[in-house]
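Below is one structure, written out as structure tokens; the observations come after it.
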Number of protein chains: 2
Amino acid sequence: MARRSGSSGEKTAVALHEAAVRLFARHGFAAVSMRQIAAEVGVQVGARYLYTADKQTLLNDILGGHMEQLLATADETLPRTGAAADRLAAFVQFHIRYHVLRPEKVFISYMELRNLTEDNFAAIEVLRRRYEDLLEDILKAGKAGRDFHITDTRLTTLAMIAMLTGISTWYKSGGRMTQEEIEAHYLEMVNNMVGRPLAAELLASPS
Amino acid sequence: MARRSGSSGEKTAVALHEAAVRLFARHGFAAVSMRQIAAEVGVQVGARYLYTADKQTLLNDILGGHMEQLLATADETLPRTGAAADRLAAFVQFHIRYHVLRPEKVFISYMELRNLTEDNFAAIEVLRRRYEDLLEDILKAGKAGRDFHITDTRLTTLAMIAMLTGISTWYKSGGRMTQEEIEAHYLEMVNNMVGRPLAAELLASPS
DNA sequence: GTCTATATTACGATAGAC
DNA sequence: GTCTATCGTAATATAGAC
């Protein structure tokens, strides 16, 4: 993705990357041509190949870049110590906010995995697993400390991530609920899932 | 694959449908050509058009057929009366079993929505919403009867369906857990989500 | 850094032979 | 019921001009 020098090419590089993300999200990788991406930013197809060797590399750059950035941001945002319940709440909030802000990249990163070559796919899967492990480590800590009542941390991890990521399939800002309300509600459901139905009990029997 | 001498059109029709499902699931609608589908069952591309008017109709037939069959099977399988908790358990079991048996159609029905024309998409969305409402009606009944402690039935519906459908992204028969174990575990999580952490409490403090 | 032009290949869809 | 042949279009990727 490096393409240096003080050229106007830097602007074009960014524009081409963003156009590709937008078009892939809307129509799918296979349905979008290099011509369309070029046209979207106002250059000809020949210029498109100055920035990425081929279409496969373009997809891999988008997916790999997304996962790398997700992991880097998670690393610098999430606390590594403290009560498991607090760490879980932090993860839920982080995951929702990060994904709701980048619906297109999230969508592509899930939908276009099968259009990666075998090697590229394997590398992305390693990153994906690393992200899942951030959550599973929290669940394991909570289970070990008897804060969480979980039968299988791996299955719960997958269930939670599927549930949380699903938000970005329907979320629109300005919808029926604010992002804060959605976060609060999903946190409540996540707490319930780990056997800490605090909010539910309070709501069910107010004193 | 094999080419039959006096083969009937009915066999070819079924084979072409199944080949399309398999190829679309593996490579995506836009990435698969009518030629490939025909070749997969051993006929030429000209014959492919004897069975479906065009590629868009083929996709719509697959997605529409899947949703219609899902709704029909749900209608004849799920109880419409009884305790909300029992109806919820029945829904969870039905959903998991139906989806785990048809991973390819489930995958396509979610991934290829954007490749439908506007009209076809709208029709599929109606069916999808109708299925979601089967679950939401159960949640509403449980909430009204104070069996479930739910803040927002619509949000909980979407969260549960995302969580349950996610199973088909990783499930392989012969994996670490049996299908029965997976069902039991997901039912436990679903019960927790609606504020009925029965299993978790029993496990946490056995007498 | 971007353009135009082009080589090569493949697509969806149809027509007419058998 | 299926085949072969074909039309018109568009794809990826490259070469060379400016």
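Proteins get letters first, then strands, A, B, ... in listed order; numbering begins at 1 in each. These numbers were taken from a predicted model, which means no experiment stands behind them.
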Open item on the list: If I take atom CZ in residue A:R48 and atom P in nucleotide C:dT4, what distance separates them, rounded to the nearest angstrom?
Closed with: 18 Å
Task: Set of side-chain contact (heavy atoms from CB on, under 4.5 Å) partners for A:A84, sequence neighbours left out - done: A:D147, A:F148
Open item on the list: Applying a 4.0 Å non-hydrogen cut-off, can you work out what A:V32 is touching in the nucleic acid: base, sugar-phosphate, or nothing?
Closed with: sugar-phosphate
Task: Whole-Å gap separating P (C:dC18) and CD (B:Q44) - done: 17 Å
Open item on the list: It should be established whether A:S33 places a side-chain nitrogen or oxygen under 4.0 Å from OP1 or OP2 of nucleotide D:dA11.
Closed with: yes
Task: Pairing residues for A:T73 by the side-chain contact (heavy atoms from CB on, under 4.5 Å) criterion, not counting sequence neighbours - done: A:Q69, A:T77, A:F94, A:Y98
- [ ] Please collect all ring pair (Phe, Tyr, Trp, His ring centres under 6.0 Å) contacts where either partner lies in residues 52-87 of chain B, sequence neighbours excluded, each pair once.
- [x] none
Open item on the list: Checking contacts here: which listed nucleotide (C:dG1, D:dT2, C:dC3) is nearest the side-chain heavy atoms of A:L50?
Closed with: C:dG1
- [ ] Tell me, please, which residues at least two apart from A:E183 pass salt bridge (charged side-chain N to carboxylate O under 4.0 Å, His left out).
- [x] A:R97
Task: Protein-nucleotide distance (B:I37, atom CD1; C:dA10, atom C1'), rounded to Å - done: 15 Å
N/O to N/O distances under 3.5 Å, protein versus nucleotides 13-17 of chain C:
from: C:dA13; atom 1: OP2; to: B:Y49; atom 2: OH; distance (Å): 3.0
from: C:dA13; atom 1: OP2; to: B:K55; atom 2: N; distance (Å): 3.1

Task: Side-chain (B:E40) to main-chain (B:L23) donor-acceptor, under 3.5 angstrom - done: no
- [ ] Please list, chain by chain and in numerical order, all residues satisfying side-chain contact (heavy atoms from CB on, under 4.5 Å) with B:S168, sequence neighbours excluded.
- [x] B:V106, B:T165
Open item on the list: I want to check one thing: is the phosphate of C:dG1, taken as OP1 and OP2, less than 4.0 Å away from some side-chain N or O of A:T12?
Closed with: no
TODO: Give a yes/no answer on whether the side chain of A:Y51 brings an N or O atom under 4.0 Å of OP1 or OP2 in C:dG1.
DONE: no
- [ ] Report yes if a side-chain nitrogen or oxygen of B:Q36 is closer than 4.0 Å to either non-bridging phosphate oxygen (OP1 or OP2) of C:dC11; otherwise report no.
- [x] yes
